[in-house]
Amino acid sequence: MLQQTRVDAVVPYYERFLEEFPDVHTLAQASEEDVLRLWSGLGYYRRAKMLHKAASIVSEDCEGAFPRSQTEWQELPGIGEYTSAAIASIAHGEAVGVVDGNVRRVVARHGALRLRANDRKLHQHAQNWMATRMTELAEVQEPGSLNQAVMELGATICTPANPNCDVCPLKIGCAAAGKNAATFPLSAKRAQEIALDICFFLAEKDGMFLLRPCTGRWTKGLWEPPSLECCPDSQLQDLWSQSGETGMIGSRLGAVRHRITKYKIHAHFFRLEGARKDQFVAPESVPLSGLGKKAIRAYLST
DNA sequence: CATCCGTGGCT
DNA sequence: TAGCCAAGGAT
């Protein structure tokens, strides 16, 4: 859950998740839909699918026995270089360094490395740096604590925008401390942005909404209200009817901005009247996409 | 190795 | 507001 996601955002999901799936066997036996429903709103839904798959592997193929080394952990789906190192060092005391965004930033500043945040060379530098620290501190018997200390330093003191060099335990020896620390690392190059307007249509009856499974490669398994790429409002009804849909497009319910990687989505919400009722489902009974959740919220708040 | 995946908080 | 980015991984 913590992959690319802040602790504050994770905690409530984590608690609900463990309440529902208290052990690996329970998670393995759950349906993917149930797992996704508890993940709905957290984002990066592939993580949930891969965690579910990993639970099946541990539960069924390994009879509930978890891996014991970074190498073994990394064989599980969704467990990559960072997560396997974090688990192996923190849970098993393996002397392997973790490299995440925090560590890369700390290392870039410490060496005043003029590299981009997503440059593989910076990642390599950070790995070497952590390996050296791990060797120097060999008498410290908790490799996980070293790893967590550097990540925590990046999260609380060596922060992206306003680093607090005055209180930093690494200011001695840091090439950027108190000078230009905030300019490291150089900002990542970003893909060309693409603006997209999407209209969502909300039909509701007795708390049930018209919701359908998403068909996109990345959103499969999630549900949303039906939508169209936007056109002028005056043509919406024609386009809707021509696509074989039933119902009349009604009043506008508002709009939200949503960013997914390079896509800047402007989502518009409309009421839909008189749609066929056979596809109406209770929104809490299916895993909603992020935009689907916002759409329902927009409807309920008007 | 570039690109894909979500969401929320901060500036 | 718009931009930036976060305890990444798979393809």
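Every chain is numbered from 1, with letters handed out A, B, ... down the list of sequences. As a basis for the values below, the full set of heavy atoms in this structure was taken, side chains included, without hydrogen atoms, waters or symmetry mates.
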Kindly compute the distance separating CD1 (A:I157) from CG (A:L170), expressed to the nearest 0.5 Å. 9.0 Å
Please report the interatomic distance CG(A:N128) to CE(A:M130), rounded to the nearest 0.5 Å. 11.5 Å
[Y] versus [X], side-chain donor and acceptor atoms under 3.5 Å:
{"X": "A:S69", "Y": "A:E94", "result": "no"}
{"X": "A:Q237", "Y": "A:S241", "result": "yes"}
{"X": "A:E204", "Y": "A:Y299", "result": "yes"}

Just to be sure I understand the geometry, which residues of residues 88-105 of chain A put a non-hydrogen atom under 4.0 Å away from DNA chain C? A:D100, A:G101, A:N102, A:R105
Give the rounded distance in Å between these two atoms: [atom1] of [X] and [atom2] of [N].
{"X": "A:K49", "N": "C:dG8", "atom1": "NZ", "atom2": "C1'", "answer": "17 Å"}
{"X": "A:W73", "N": "C:dG8", "atom1": "CH2", "atom2": "C1'", "answer": "16 Å"}
{"X": "A:E81", "N": "C:dA7", "atom1": "CD", "atom2": "C1'", "answer": "14 Å"}
{"X": "A:N118", "N": "B:dA2", "atom1": "CG", "atom2": "C1'", "answer": "10 Å"}
{"X": "A:M50", "N": "B:dC4", "atom1": "CE", "atom2": "P", "answer": "17 Å"}
{"X": "A:E224", "N": "B:dC5", "atom1": "CD", "atom2": "P", "answer": "12 Å"}
{"X": "A:R116", "N": "C:dC5", "atom1": "CZ", "atom2": "C1'", "answer": "15 Å"}
{"X": "A:K293", "N": "B:dT7", "atom1": "NZ", "atom2": "P", "answer": "8 Å"}

P spacing across the pair B:dT3 / C:dA7, given as an integer number of angstrom: 24 Å
What interatomic distance, in whole Å, is found between C1' of B:dC1 and the corresponding atom of C:dG9? 14 Å
Residues 118-126 of chain A, side-chain donor-acceptor partners within the protein, below 3.5 Å, at least two apart:
{"from": "A:D119", "atom 1": "OD1", "to": "A:K121", "atom 2": "N", "distance (Å)": "2.8"}
{"from": "A:H123", "atom 1": "ND1", "to": "A:R104", "atom 2": "NH1", "distance (Å)": "3.3"}
{"from": "A:H123", "atom 1": "NE2", "to": "A:E81", "atom 2": "OE1", "distance (Å)": "3.4"}

Is the A:W39 ring parallel, tilted or perpendicular to the A:F17 ring (thresholds 30°, 60°)? perpendicular
Heavy atoms only, 4.0 Å cut-off, all strands: where does A:G41 land among base, sugar-phosphate and nothing? sugar-phosphate
Have a look at A:R47 and say if it touches a base, only the backbone sugar-phosphate, or nothing, with a 4.0 Å heavy-atom cut-off. nothing
Would A:R6 and A:D8 satisfy salt bridge (charged side-chain N to carboxylate O under 4.0 Å, His left out), going step by step from the backbone distance to the final call? CA-CA 5 Å; A:R6 295 174 194 281; A:D8 288 349; over 6 Å; no
Residue closer to the 5' end of DNA chain C, A:G80 versus A:A117 (nearest nucleotide): A:A117
Around atom CZ of A:R212, are there more than 12 heavy atoms of other residues, nucleotides or ligands at under 6.0 Å? yes
Any donor-acceptor pair under 3.5 Å joining the side chain of A:Y44 to the base of B:dG6? yes
For the pair A:E19 and A:R16, find out whether any cationic side-chain nitrogen is under 4.0 Å from an anionic carboxylate oxygen. no
Return whichever of A:A161 or A:L288 has its heavy-atom-nearest nucleotide of DNA chain B closer to the 5' end. A:L288
Expected output is a numbered-order residue list: members of residues 2-14 of chain A with a heavy atom under 4.0 Å from any atom of DNA chain B. What is it? A:Q4, A:T5, A:R6
Report the nucleotide, chosen from B:dG6, B:dC1, C:dG8, that has the shortest atom-to-atom distance to any side-chain atom of A:Y45. B:dG6
